[in-house]
Number of protein chains: 2
Amino acid sequence: MEYNITRKERDCIVALYENSGFPLRLFNIADILKIKAPTAYELVKRLESKNIINKTNGIISLTTYGISIYDEIIMAHRTLELILTKSGVNSDTACEQIERIDYLMDDVSVQKLFKSLGQPQTCPHGKPIKVN
Amino acid sequence: MEYNITRKERDCIVALYENSGFPLRLFNIADILKIKAPTAYELVKRLESKNIINKTNGIISLTTYGISIYDEIIMAHRTLELILTKSGVNSDTACEQIERIDYLMDDVSVQKLFKSLGQPQTCPHGKPIKVN
DNA sequence: CATATAATTAGTATAATACTAAAATATATA
DNA sequence: TATATATTTTAGTATTATACTAATTATATG
């Protein structure tokens, strides 16, 4: 636990998880993140060196560690999203807002928030909150 | 009013407001932020160019715009701090956690959160939440 | 094999952060 | 006032993250 990532690294981790239905190569990541291949190359290299992702025959996927980071991000995301939407914030606005901060949240705090919300099983969009 | 600042800029704004009891010069800011004078110089120059702070005879202070940014930061800070502490997060932990994100919050969302909390007059430390 | 696709390297750029060392300026004290 | 001290500014360097273009290399497909 206790990871330290940047915003683009966060977006890459989320993209990898959420598009894991088919094999993702560098150019797919560049497409999804709307960046050019060399930029994606650097990003991927950084994430590889942090042991967050893994490249096998050009197919990029999250490592176990990477998945655990994703889990924490998405847990924070959905918990905060729920708090905001409960207060009347539109769910798209909430989502955009939370994307900027979810990867900066301390997991212990998020867990406490989650419990105080009654451990909801779904977020405002209906997706399950807890993954593992 | 949609501002865009960095973490160090945030810290500088907060430091300026919270130490406004006596005139603050460059070396005071460097001391408070625990950075060297040339680093503080660059930071201050950046904030000046954004019209957030003002330097008169070497005395640095927040502009009206700078104060309005401080108000938004602190509003976000205290609102989020309250949510975390209510969930059982220790207030020092909450404070450290929130410092990383308060300046990234959208004011409209914060206002809604604040209202849903019943517009509390004080934060966990007893300081008044709304400044203006 | 030739061509198309994809990945990589090289080179450049910007913003934010941060430092040291030196120079310039200002202020204070003898 | 002259010197000493304090403060600011400049110059130069470094790192990390981000992002680009252009060129090259590798791989795959027809």
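Keep in mind that what you see is a predicted model, and the values were worked out from it rather than measured. Letters A, B, ... mirror the listed sequences (proteins, then strands); counts begin at 1.
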Whole-Å distance separating the CG atom of N57(B) from the C1' atom of dT27(C): 13 Å

Carefully, step by step, assess D102(B) and R10(B) under the rule side chain to side chain contact (heavy atoms under 4.5 Å, CB included). CA-CA 9 Å; D102(B) 54 15; R10(B) 176 245 181 241; 2.6 Å; yes

Which atoms form the tightest heavy-atom contact between A37(A) and L26(A), and what is the distance? O-CD2, 4.1 Å

Under a 4.0 Å heavy-atom cutoff, the residues of residues 4-13 of chain A touching DNA chain C are none

Do E42(A) and K45(A) meet the salt-bridge criterion of a basic N to acidic O distance under 4.0 Å? yes

Look up atom NZ in K55(B) and atom CG in L47(B), then write down how far apart they are to the nearest 0.5 Å. 11.0 Å

If you draw a 6.0 Å radius around NZ in K115(B), do more than 12 non-hydrogen atoms from other residues or ligands fall strictly inside? no

Write down the distance between CG (D31(B)) and P (dA6(D)), rounded to a whole number of angstrom. 13 Å

Test side chain to side chain contact (heavy atoms under 4.5 Å, CB included) on M105(A) and H77(A) and set out the steps. CA-CA 9 Å; M105(A) 293 295 295; H77(A) 187 92; over 6 Å; no

When the distance from OH of Y41(A) to C1' of dA22(D) is rounded to whole Å, what number comes out? 16 Å

In B/S/- notation (B base, S sugar-phosphate only, - none; protein heavy atoms under 4.0 Å), nucleotides 24-30 of chain D written 5' to 3' is -------

Matching residue for L33(A) among N28(A), V14(A), L43(A) - test: side chain to side chain contact (heavy atoms under 4.5 Å, CB included): L43(A)

Taking N or O atoms only and anything under 3.5 Å, show me the protein contacts with nucleotides 19-26 of chain C, one pair per line.
residue : atom : partner : partner atom : Å
dC19(C) : OP2  : K36(B)  : N            : 3.0
dC19(C) : OP2  : T39(B)  : OG1          : 3.1

Can you find a heavy atom in the side chain of I32(B) that is under 4.5 Å from one in the side chain of L24(B)? yes

Can you tell me which nucleotide in dA16(C), dT8(D), dT9(C) comes closest to the side chain of F27(B)? dT8(D)

Are side-chain heavy atoms of L84(A) and T93(A) found at a separation under 4.5 Å? no

Would you say K45(A) places a side-chain N or O within less than 4.0 Å of OP1 or OP2 belonging to dT16(D)? no

Using the test salt bridge (Lys or Arg N to Asp or Glu O under 4.0 Å), find all partners of R25(B) that sit at least two apart in sequence or belong to another chain. none

Y70(A) versus E18(A), side-chain donor and acceptor atoms under 3.5 Å: yes

Tell me, with the steps shown, if I73(A) and Y3(A) meet side chain to side chain contact (heavy atoms under 4.5 Å, CB included). CA-CA 10 Å; I73(A) 292 171; Y3(A) 56 86; 3.6 Å; yes

How long is the line joining CG of L43(B) and P of dT8(D), in whole Å? 14 Å

At a heavy-atom distance below 4.0 Å, what parts of residues 96-104 of chain A sit against DNA chain C? none

Under the side-chain hydrogen bond (donor to acceptor under 3.5 Å, both in side chains) test, residues paired with D31(B) that sit two or more places apart: none

